[in-house]
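What you see is a predicted model, and the numbers here were worked out from it, not measured in a lab. Chain letters run A, B, ... following the sequence lines, proteins first and then strands; every chain starts at 1.
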Amino acid sequence: MKRLIKDESLCIGCHQCEAACAEAYYKTSDPAFACIRIEDREIDGKNRPIIHVCDQCGKCAEVCNSCVIQANPGGVYMIRKKDCVGCLMCVGFCPEQVMVQSDERLEPSKCTACGICAKVCPTGAIRIAED
Amino acid sequence: MIHICDVPRYHAISEDELKQMREKHVLLRSFSYEKTPLERGYTDKILTVDLGAKEAVVSDIPAEVKEKFIGGKGYCLRYLWDAVNPSTRWDSPENEIVMSAGPIAGITQYGGTGKTLICTISPLTDIPVDSNVGGFFGPYLKFAGFDALELKGKSETDVIVVIDATTGTITFEEAPLEHFDAHVLCEELTSLYAKDEKDKMNVAVVAAGSAADYCNMGMLNFSFYDPRRGVTRLKQAGRGGIGRVFRDKRIKALVCRIDGVKANLNHVADIGLINKTGVKFHREIANNDIHQNDMRGVGTAYSLRTLADYDIVPTNNFKFGDAPGIDEMTAAVFKKDWLTQGAADGCWYGCSMACAKASDHFLLKTGPYKGQRVCVDGPEYESAAGLGPACGIYNPQEVLEINFYCDTYGLDTISYGTMTAFLMECYERGILNRERTGGLDLSWGNAADDLELMHRMARNEGFGKIAALGIHKQKAYFAEMGWGDLAEMNDFGMEQKGLEYSEYSAKESLAQQGGYGLTNKGPQHDEAWLIFMDQVNNQIPTFEDKAEALYFYPMFRTWFGLMGLCKLPWNDIVPADNALTDDPKMVPEHVENYLNLYYGVTGKRIDTKEMIRQSERVYNFQRIFNIRMGKGLRADDAIPYRSAGPVFEDEYLWREERYDTQLVELAGYTPEQVKSMSLQERMAATRKFREARYQTLIDAVYPKRGWTLNGVPTVEHLRELGMDLPELLEVIEPLLAKEGV
C-alpha cells in the first residue's frame with residue numbers, strides 16, 4: 001500500500017509541501033488548494049506544526065454514493081472525475097480535511113500519493129511509504 | 001452489525017429476460033423535443049402528457065406563474081387548479097398528476113436537495129393532496145428540460161412514458177412483460193433503459209405497484225439506483241392516493257433518462273456560495289450526527305423510544321402512547337440486527353444525512369415473493385410506528401416485511417398502518433369479526449393476518465376490497481351495514497378530511513393537534529411537525545406560542561416544498577452551538593444556509609420574511625383550492641376526538657392521574673370535585689375541556705393566518721400577498737359575504 005507518512009517532530013513549518021502540491025495541481029501557491037495541510041501551532045514559544053496528510057483511510061470512498069472513489073491496486077484512493085457529481089461529501093467527511101474543493105472545477109481532488117510534497121520537504125517530515 | 005462491505009451485490013436481471021421484455025415493447029407514439037438547458041435553477045418549461053390522446057406538449061411557464069408560485073408544490077397546485085373544476089374527482093379524466101422539483105432541486109452539494117413535489121385530486125380526500133419524495137426523477141426531469149410535468153387524460157391500455165433526454169424524445173410504449181410490483185418493475189426498467197451497468201445511475205423510474213390499481217391509499221415509488229449494492233432502490237410519494245390516480249390513468253411507469261449528473265447542471269448564479277455552504281453542512285454532519293440523532297446509522301426510526309417516553313407513539317390505534325414492546329424495536333436493535341451500516345444512503349446526491357437506510361437481502365416469509373431476498377427500505381419512523389406499534393406489532397422482522405410489501409404493492413405505509421390499526425380496534429370492539437373479514441383474525445399484533453389482508457388488497461379479493469377504501473369510507477360502510485356506530489367510529493377512526501393520520505399521538509400536544517387538524521391536505525405532520533418542539537423540547541410553552549407556531553411553521557415548512565428540498569436536514573442534525581443561538585428551534589444557521597442556497601441558485605437575495613411570503617401565497621392558494629373543491633372551511637378542520645383525548649375508559653385509566661390532575665390544573669375543577677366524580681364524569685369533563693381548547697386554538701390561529709373564523713382567507717390578506725387573483729376571489733367572496741366580512 002502506497003501512502004504519505006509523516007514525522008511531525010521533523011516539520012519546521014516551511015509550508016513548501018503545500019505550495020508544491022497546490023502549484024502542481026491548481027497552478028497556485030495558495031495552501032487552500034493543497035492536499036496536505038500544515039497547521040501552525042505554538043508550544044513554549046516555538047512553532048510545532050501539525051501535519052495533516054491523507055493516509056488513504058478511505059472515508060471519502062465510503063461516503064460517496066456514486067462510488068467514484070476507489071482504491072487502485074496500490075491502495076491509493078482515486079477519484080474517477082468523469083463520473084463524479086461534485087457533491088463534496090468526501091471533502092466534508094475527510095477526517096484530516098485535506099481534500100481540495102475549487103470553485104473553478106466541478107469535482108474535488110485528493111492526495112494521490114504522488115510524492116511531490118515529499119520531494120520538496122527539506123527535513124524529511126513527510127515521505128512516501130509503500131508497505 | 002451488518003456492514004455494507006459484507007453485503008453481496010444483488011443479482012442483475014439476466015440478458016435473456018431483458019431481451020424478451022424489450023422485444024415485446026410496442027412503440028405507440030414518439031415525439032422529439034429540443035432540450036432547454038437550465039438557467040439559475042429553471043428551464044421555464046412544462047411538459048404536458050395526455051395519456052388519452054398520447055400527446056406530449058412542451059409549453060412555456062409564464063413569468064407571473066414563476067413569480068407567484070416559485071416552483072415545486074406551487075407549480076403543481078397552479079397547474080392542477082387550471083386543469084380541474086369543482087366537480088372533478090380523482091378518477092375524472094381531467095384530473096391531473098402534476099410533478100415539479102423546484103428551483104433548488106438537483107444541486108448536488110447540500111443535503112436533501114432532490115425532492116419532487118406531486119399534487120393531484122385525491123381519492124381519499126377529494127381535494128388536492130401534495131406529497132414529496134426523494135429519488136432521481138424530479139431532478140432528472142429538470143435536467144431533461146422541464147420544471148414540471150403534467151399527466152392528464154386516461155390511456156386505454158397500460159403504458160410507460162419514457163422521457164429520454166439523451167435523444168430528445170418522449171415515447172409512449174407498451175411494456176407487457178414487465179411486472180407491476182415496484183421493486184421488480186423499477187429494476188426491470190432501469191436495466192432496460194440503461195446502456196450498461198454504469199448507466200443505471202442515469203435512469204429514473206416512477207411506478208406504483210399492483211395494489212394501487214384498487215386501493216385509495218395507492219402511492220408512487222421513485223427509484224434511485226444504488227451502484228454499491230447493485231440494486232434499484234425506492235422512495236415513496238406516500239400520501240393521499242396519488243398512485244391510485246396514476247394507475248387509473250393506466251400509467252405503468254414513467255422513465256426519465258439523462259446523460260449523467262454533474263455538479264452544476266442547474267447553471268446556478270453563484271456556485272462558490274453553494275460549494276461553501278455544502279462543505280460546511282457535510283462537515284457538520286460528519287462531526288455531529290453520531291452525537292445527535294445518528295441519522296446515518298438508523299434513519300428517522302431513531303426516535304421511537306424517545307417518543308414513547310413522552311406517550312407519543314400511537315400504540316393500538318393511538319389509544320396509548322407507549323408499550324413495553326417498543327424496546328424490541330429501538331434504534332439499537334435496528335442498528336444491530338437489521339439496517340446495513342456504513343452505506344452512503346442518501347436518496348439524492350449530496351445528502352450526507354443519508355437517512356434512507358436499508359435492510360439488505362431480507363428474507364420474505366409471505367406473499368408472492370416468499371422465499372426471496374430483497375432490499376427493504378427503512379423503515380422510517382412513520383412506517384415503523386404505523387405498521388408496528390399502532391397495530392400492536394413489535395417484531396422488527398414483521399414490520400420490515402409489511403413495509404416491503406406496502407412499498408412494492410404501491411401502498412402508503414402511513415395510511416396502511418393507521419387504517420389497519422383502525423380495523424384492529426374495530427375487531428376488538430366487535431364491529432368486525434372473522435366472518436366479516438373473510439376469516440382474518442385482526443387481533444392486535446397479528447402480523448400474519450395483517451400481511452394476508454394486504455395480499456388480498458393487492459389481489460382485490462374479499463375483505464381486501466373493504467380495506468382498500470381507507471378509514472373514511474370504511475366508517476360509513478360499517479355503519480351502513482349496522483356493524484358499528486358512526487359517532488363512535490368517528491371518535492377513534494384516525495382520519496380527517498379523508499386522510500389517515502400520520503404516526504404521532506397528539507393527546508398531550510395541543511400544538512400538534514392543530515398541526516394535524518389545521519393542515520391543508522389532511523393530518524400529515526410535514527406541514528406542522530410541532531410535537532417535538534412542543535412536547536419533547538418544550539420550546540413553545542404558552543398558548544400564544546402554540547398559536548403563533550401554527551401560523552409560522554406551516555408557512556416556513558411550505559417553503560421546502562416550493563424549492564424541492566427535504567425538511568430533515570433543517571433540524572434533525574444541528575450545529576454544535578445551536579443551543580446558544582437566539583432561537584434554537586429555528587436552527588438559525590441552517591435557515592441562513594437555505595437563504596444562501598436560494599441566492600446561490602437563483603441570484604435573488606431574499607430574507608426570512610420573503611421566504612414566508614413566498615410560502616403564504618401558495619398556502620392560501622391551496623386553502624382556497626380546498627374550499628373550491630368543497631372541503632376547506634372550519635368544519636373540515638375538526639379532528640377525531642382520539643387525537644385530542646381519551647375516547648374509552650381503559651384509555652383514560654391508562655393515564656388516569658394525568659387526566660385527573662389536568663382537570664384541576666387546567667380545567668378549573670377542585671381536587672374535591674374530581675375525587676367525587678365518576679370515571680364517566682371525569683372523561684366527559686376532560687372531553688369538554690379539550691374540545692373547547694381546540695376551538696379556542698382555531699380562534700387564535702385563523703386570524704394570524706389572515707383567515708376569518710370560518711377559515712376563509714380574507715380579500716385584504718390576499719391583496720397584501722399579491723394573491724388577489726380573480727379566480728380566488730370568485731371562490732371566497734360569496735363565503736365572506738355570508739360571514740359579513
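- Ranked by non-hydrogen atom pairs under 4.5 Å with chain B, the options Cys87(A), Ser102(A), Gly86(A) are led by Cys87(A).
- The line from CG of Asn65(A) to CH2 of Trp348(B) is 9.5 Å long, rounded to the nearest 0.5 Å.
- Between the CD1 atom in Ile271(B) and the CG atom in Leu106(A) there is a gap of 7.0 Å [rounded to 0.5 Å].
- For Glu107(A), the part lying under 4.5 angstrom from a heavy atom of chain B is the side chain only.
- For residues 273-284 of chain B, a heavy-atom distance under 4.5 Å to chain A picks out Asn275(B), Val279(B), His282(B), Arg283(B), given by residue number.
- Both the backbone and the side chain of Ile285(B) come within less than 4.5 Å of a heavy atom in chain A.
- Contacts of Lys81(A) with chain B are made by backbone atoms alone, with heavy-atom separations under 4.5 Å and no side-chain atom involved.
- The two residues Cys67(A) and Pro227(B) come nearest to each other via the heavy atoms SG-CG, 3.9 Å.
- Heavy atoms closer than 4.5 Å to chain A are found nowhere in Cys5(B), neither backbone nor side chain.
- Within a 6.0 Å radius of NE2 in His3(B), more than 12 heavy atoms belonging to other residues, nucleotides or ligands are found.
- Between Arg296(B) and Val63(A), the closest side-chain pair of non-hydrogen atoms falls below 4.5 Å.
- Counting heavy-atom pairs under 4.5 Å between each of Pro95(A), Cys64(A), Pro108(A) and chain B puts Cys64(A) at the top.
- Side chain of Thr108(B) to backbone of Val85(A): a donor-acceptor contact under 3.5 angstrom is found.
- Other residues, nucleotides and ligands contribute only 12 or fewer heavy atoms inside 6.0 Å of the CG atom of Asp44(A).
- The CG atom of Asp289(B) sits 7.5 Å away from the CZ atom of Phe93(A) when rounded to the nearest 0.5 Å.
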Which pairs of donor and acceptor atoms, one on a side chain in residues 118-131 of chain A, lie under 3.5 Å apart (sequence neighbours left out)?
| residue | atom | partner | partner atom | Å |
| --- | --- | --- | --- | --- |
| Thr123(A) | OG1 | Leu10(A) | O | 2.8 |
| Thr123(A) | OG1 | Ala125(A) | N | 3.4 |
| Asp131(A) | OD2 | Arg3(A) | NH2 | 3.0 |

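- Chosen from Cys94(A), Cys84(A), Cys90(A), the residue pairing most often with chain B at heavy-atom distances under 4.5 Å is Cys84(A).
- Contacts of Gln101(A) with chain B are made by side-chain atoms alone, with heavy-atom separations under 4.5 Å and no backbone atom involved.
- For Arg105(A), no part lies under 4.5 angstrom from a heavy atom of chain B.
- Once rounded to the nearest 0.5 Å, the distance linking CZ of Arg80(A) with NZ of Lys198(B) reads 5.5 Å.
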